There are 2 protein chains.
Amino acid sequence: MTQPAAHRRASIADVARAAGVSVGTVSNVLNRPERVLPGTRERVEAAIEELSFVRNGSARQLRAGTITTIGAIVLDIANPFFTDVARGIEERLDRDDFTLMVASSDDDPDREQRYLRLFEEHGVQGVMVVPATNNIEHLLAVRRRGTGVVLLDQPSSDPSISSVAVDDVRGGELAAHHLLDEGHTRIVFLNGPHTIRQCADRHEGVVKALAAAGLDPATALVEITVTSLNAEGGEAAIRGLLESGDRPTAVFCVNDLVALGVLRTLRTENIAVPTDMAVVGYDDVAFAAELSTPLTSVRQPTHELGVRAADLLLSGPDSAAEHVMFQPTLVVRGSSSTVAG
Amino acid sequence: MTQPAAHRRASIADVARAAGVSVGTVSNVLNRPERVLPGTRERVEAAIEELSFVRNGSARQLRAGTITTIGAIVLDIANPFFTDVARGIEERLDRDDFTLMVASSDDDPDREQRYLRLFEEHGVQGVMVVPATNNIEHLLAVRRRGTGVVLLDQPSSDPSISSVAVDDVRGGELAAHHLLDEGHTRIVFLNGPHTIRQCADRHEGVVKALAAAGLDPATALVEITVTSLNAEGGEAAIRGLLESGDRPTAVFCVNDLVALGVLRTLRTENIAVPTDMAVVGYDDVAFAAELSTPLTSVRQPTHELGVRAADLLLSGPDSAAEHVMFQPTLVVRGSSSTVAG
DNA sequence: GGTTCCTCGTGAAACGGTTCATAATGTAGC
DNA sequence: GCTACATTATGAACCGTTTCACGAGGAACC
C-alpha cells in the first residue's frame, strides 16, 4: 500500500534508514548497481518503492556538476519555422541522449533574458538562442562564463560565438528580384521591427535588389511594420493599407504566417492574386504549396539548421566557434506569377 | 576588464571574499538588498560584476525548495495544435510570473517518462502532459509525490488528477455525421494508433455516428493507421490506399496536417475534391480555410484549453481536481461539401 | 599463518546557496 | 551613564546528493 501523502519528499537518508544500509549504498544502487550485492540491492529497491523516493535533481546536480540538457529560446513557439528547427535539434540531440527544453521569448528581450538566466543558473550544457535584439552582449557574457551558446538563425557578430543562419539579405533580394522580374515597380514590404535582425537583413536585401534594378528605394519601397509576426499581424497590416487607399501591386511578407493573413484578407476583399496583387512569403512552410493561391516563398533549410546548431553545441566548449551560413532558395508559385506551376 | 576564462564558476564565497564581507551579506544583496547598507551593497555588486558571478540555481533551489517553473510535455512540438495550446499556457503563466518549459515526447512513452522524471527531479511546480499512452499510472505517482499534474487534451480517468480536454468522441461523431449527411456510405479514417486516447475516442465517435445512421461499421468504416501524425504520414497512407485500388469517396483525417498530406497527394493525382473524394480534417489550424480546397475541420478551443490548464495548475496542489471538457465544433468548407462557402 | 587482493559497504566531506540566531555598533530616552 | 532598541553584518547549520578514503571480511596464494 502507498503512504499517506507525506509532506516532505523522502530523501536518500530515509531510504537508507528503511533499508538498513548507509546513504552511500543507496547512492550506489542508484548509480552503479553492479557494485552492490543483489540481496542488498533488492532491499534498497524495495525501500525506494515503498517510500516512492525520487532523486532530488538539484542536489544531484549541485554535487555532480553536469547535466545533459540544452535549452533553446525561440521568438515564437507557434511559428512553424521555429518548431521545424526544433525538430532538427531534437533529432540530433537524441543521438547523444541529450534532452531539449524549449522556451519562447515572444520577441521580448526581457523574457529572453529571464529564460537565459534560468537556463544558465540551472547549469544547462548549452543554449541556442534566436536573439530578440541584435545586441548580443548578454550572450557573450553567458559564453564567457562557460555555458555553450549557439546563435540560431542569426549570423554571429562575434567570432567566439558559433552561429547557424540563413542568408537573409540574399532571401530579401531573391524575393524582391523576383517581383521586379514580374514587372512590378513598387513593393510593399510587411516586415517586423528592425530590432529583429532577420527583418533588418531582409529589408536590406530588398533595397539592394531595387537599387540593382535602378529604382529608388525611397519611392519604390513601402515598408510597413506589422504588429505581430503572424496571420493576425498580416491581416491588420494589409487592411490598414487598403483602407488608406494605397493599393500596391506587390506585397512581400516577412514570413508565411503574415502572408497567410494577407491572402485571407485579399480573398474576402475580392482582390485577385496574383493579377491584382502579387504576394510573396518567407519560410516555405508545409502548407505554402497547398493554399488556394499557392504561395511563392523563400525556402530555408530549417531541419538542417537545427541539426547543425545541435552539432555545434555538442562539439564541446573547447572546439573553435564556427559560423555556418545556409543559402535560401526561392520557390515560385501562383501567388506571384501567372506562369508558375 | 573581464577575467581570463576561469575554470570554476565564481561562488558566493568568492564574491564575499572579494568584497570583504560575509556570504550572508552577499546573499542578502541578492535577495533582500534593502537590508544592506548602500555602500556595502555597491561593493558587493562591484565584486559580482568583476567576477561575473551567476547564482547556482541548483544550490539555491536545494536550500530554498521552490521554483516558479512549470513543464509541458506535448506529443509533437511541430504540430500547430500543441503550439497554440502552449501559447495559451504561456499567456496565463505570465500573469503569475511563472516560466514555461516545453518538451516533446514524440508519441514515445519512454521519452515522456524521461522528461517527466527530469521535470520532477528538478522540482517544477507542476507539469502538463499530453500522455502518449492511456495508462496514466506514472502520472498518478508523480501527483502523489506532490508535483501538480494536469492532463492536457485528455480527460482524466482518475478523480485526483485535473484535466482539460475536448470531447473527441463528439468530434469524431461530428465529422462522420457530416460525411454521412453528404451522402457517403463508407468512410476511410486515417487515424493514429489507439494507444493515443484522442485517436481511440475519435474512432469511437465515428463508429457511433455510423451506427446511428444504421450502417455496419465493419463494412462502412476502413481505419488506416498512419505512420506519423503529419503531412508525410497522410501522404503515405492515401498513396497506399490508392495503389491498393480501393478508392473511397470520403476520407476523415485525425488532424489537419495529415489532411494536408492527403490534399497534396490528391492534387498531384488529379483526384477532385470534394466531387471525387471528400476530405475532413481535425484541429482547424490557421491555414485550413486558406487551402486550395478549403478544409472542413473539427475546431477545438486551443488557446482556451491552454489557459484553463494553466489556471488549474496555478490554483495550487490543495484545491480539488477539476475536469474541464470543451465541446468541439465542425467547420464545413469546400473539401467536403459543394455547397459550403 | 601471513600477505595480497577483491568485493561490499560505510560515513563524512564536499557542492553552493539560504536562513537564522547572534553579535556589534549606533541612537534615543531617561 | 545606563537601558532599550534599531540597524547591519556575521557565520554556522542545513538542503540532499555524490564521491572517496577506508575498513571489514573472505578467498587465494605462497
Side-chain angles (χ1 to χ4, degrees), chain A residues 6-45 47-48 51-68 117-118 120-124 145-147, chain B residues 6-45 47-48 51-68 117-118 120-124 145-147:
Chain A
H7 188 62
R8 199 176 54 83
R9 270 152 77 136
S11 78
I12 246 189
D14 299 325
V15 173
R17 204 170 309 119
V21 297
S22 75
V23 293
T25 301
V26 176
S27 180
N28 278 335
V29 169
L30 256 24
N31 303 304
R32 320 218 249 332
E34 75 283 357
R35 291 203 194 166
V36 169
L37 223 52
T40 317
R41 191 193 321 165
E42 277 155 28
R43 247 182 321 136
V44 172
E45 279 163 352
I48 287 177
L51 300 174
S52 59
F53 163 78
V54 181
R55 250 207 207 80
N56 180 320
S58 304
R60 172 189 176 70
Q61 196 183 326
L62 171 58
R63 179 60 233 231
T66 61
I67 185 182
T68 56
R117 179 143 229 117
L118 193 70
E120 188 182 8
E121 289 186 352
H122 280 81
V124 298
R145 289 180 221 120
T147 301
Chain B
H7 188 62
R8 200 176 53 82
R9 271 151 76 137
S11 78
I12 241 188
D14 299 326
V15 174
R17 204 170 310 121
V21 299
S22 75
V23 294
T25 301
V26 177
S27 180
N28 278 335
V29 170
L30 257 23
N31 302 305
R32 320 220 255 322
E34 75 283 359
R35 290 204 195 165
V36 169
L37 222 52
T40 318
R41 192 193 320 166
E42 276 155 30
R43 248 183 318 137
V44 172
E45 279 163 352
I48 287 177
L51 299 174
S52 59
F53 163 79
V54 181
R55 251 209 207 75
N56 180 320
S58 303
R60 171 189 177 72
Q61 196 183 327
L62 171 58
R63 180 62 233 235
T66 60
I67 185 181
T68 56
R117 180 141 227 119
L118 193 70
E120 189 182 8
E121 290 186 351
H122 280 83
V124 298
R145 288 181 221 119
T147 301

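Letters go in sequence order (proteins before strands), and every chain restarts at 1. The structure presented is a predicted model; accordingly, all values stated were derived computationally and were not measured.
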Checklist outcome for this item: With a 4.0 Å cut-off (strictly under) to non-hydrogen atoms of chain B, the first and last hit nts on DNA chain D, 5' to 3', are D:dT8 to D:dG16
Checklist outcome for this item: Applying side chain to side chain donor-acceptor pair (under 3.5 Å) to B:Ser22 and not counting sequence neighbours gives B:Thr25
Checklist outcome for this item: Taking five pairs at each terminus, the helix from C:dG1-D:dC30 to C:dC30-D:dG1 shows an axis bend, to 10°, of 50°
Item to check | Neighbours of DNA chain D within residues 22-32 of chain A, by heavy-atom distance under 4.0 Å | outcome: A:Gly24, A:Ser27, A:Asn31, A:Arg32
Checklist outcome for this item: Under a 4.0 Å heavy-atom cutoff, the residues of residues 55-65 of chain A touching DNA chain C are A:Leu62, A:Arg63
Checklist outcome for this item: Residue set satisfying side chain to side chain donor-acceptor pair (under 3.5 Å) with B:Thr147, at least two apart, ordered chain then number -> none
Checklist entry - Can you list the residues that meet the side chain to side chain donor-acceptor pair (under 3.5 Å) rule with A:Thr40, with sequence neighbours excluded? => result none
Checklist entry - What residues, two or more places apart in sequence or in another chain, satisfy side chain to side chain contact (heavy atoms under 4.5 Å, CB included) together with B:Leu30? => result B:Ile12, B:Val26, B:Ile48, B:Phe53, B:Arg55
Checklist entry - Taking for each residue the nucleotide of DNA chain D with the nearest heavy atom, is it A:Ala10 or B:Val21 whose nucleotide lies nearer the 5' end? => result B:Val21
Checklist entry - Of all residues at least two apart in sequence or in a different chain, which pass the side chain to side chain contact (heavy atoms under 4.5 Å, CB included) check with B:Val54? => result A:Glu120, A:Glu121, A:Arg145, B:Arg9
Checklist entry - Shortest non-hydrogen contact from B:Ala18 to B:Leu51? => result CB-CD1, 4.0 Å
Checklist entry - side chain to side chain donor-acceptor pair (under 3.5 Å) with A:Arg17: which residues, sequence neighbours excluded? => result A:Asp14
Item to check | Those residues that, when tested against B:Ile67, pass side chain to side chain contact (heavy atoms under 4.5 Å, CB included) (two or more places apart) | outcome: A:His122, B:Gln61, B:Thr69
Checklist outcome for this item: Min and max contacting nt of DNA chain C in 5' to 3' order, chain B heavy atoms within under 4.0 angstrom, are C:dG16 to C:dT19
Checklist entry - What do the steps show when you test B:Val21 against B:Val44 for side chain to side chain contact (heavy atoms under 4.5 Å, CB included), and what is the final call? => result CA-CA 8 Å; B:Val21 299; B:Val44 172; 3.9 Å; yes
Checklist entry - So which heavy atom on A:Ser58 is nearest to which on A:Asn56, and how close? => result N-OD1, 2.8 Å
Checklist entry - Within the side chain of A:Arg41, is there an N or O that forms a donor-acceptor pair under 3.5 Å with the backbone of A:Val29? => result no
Item to check | First of B:Gly20 and A:Ile12 reached from the 5' end of DNA chain D, by closest nucleotide | outcome: B:Gly20
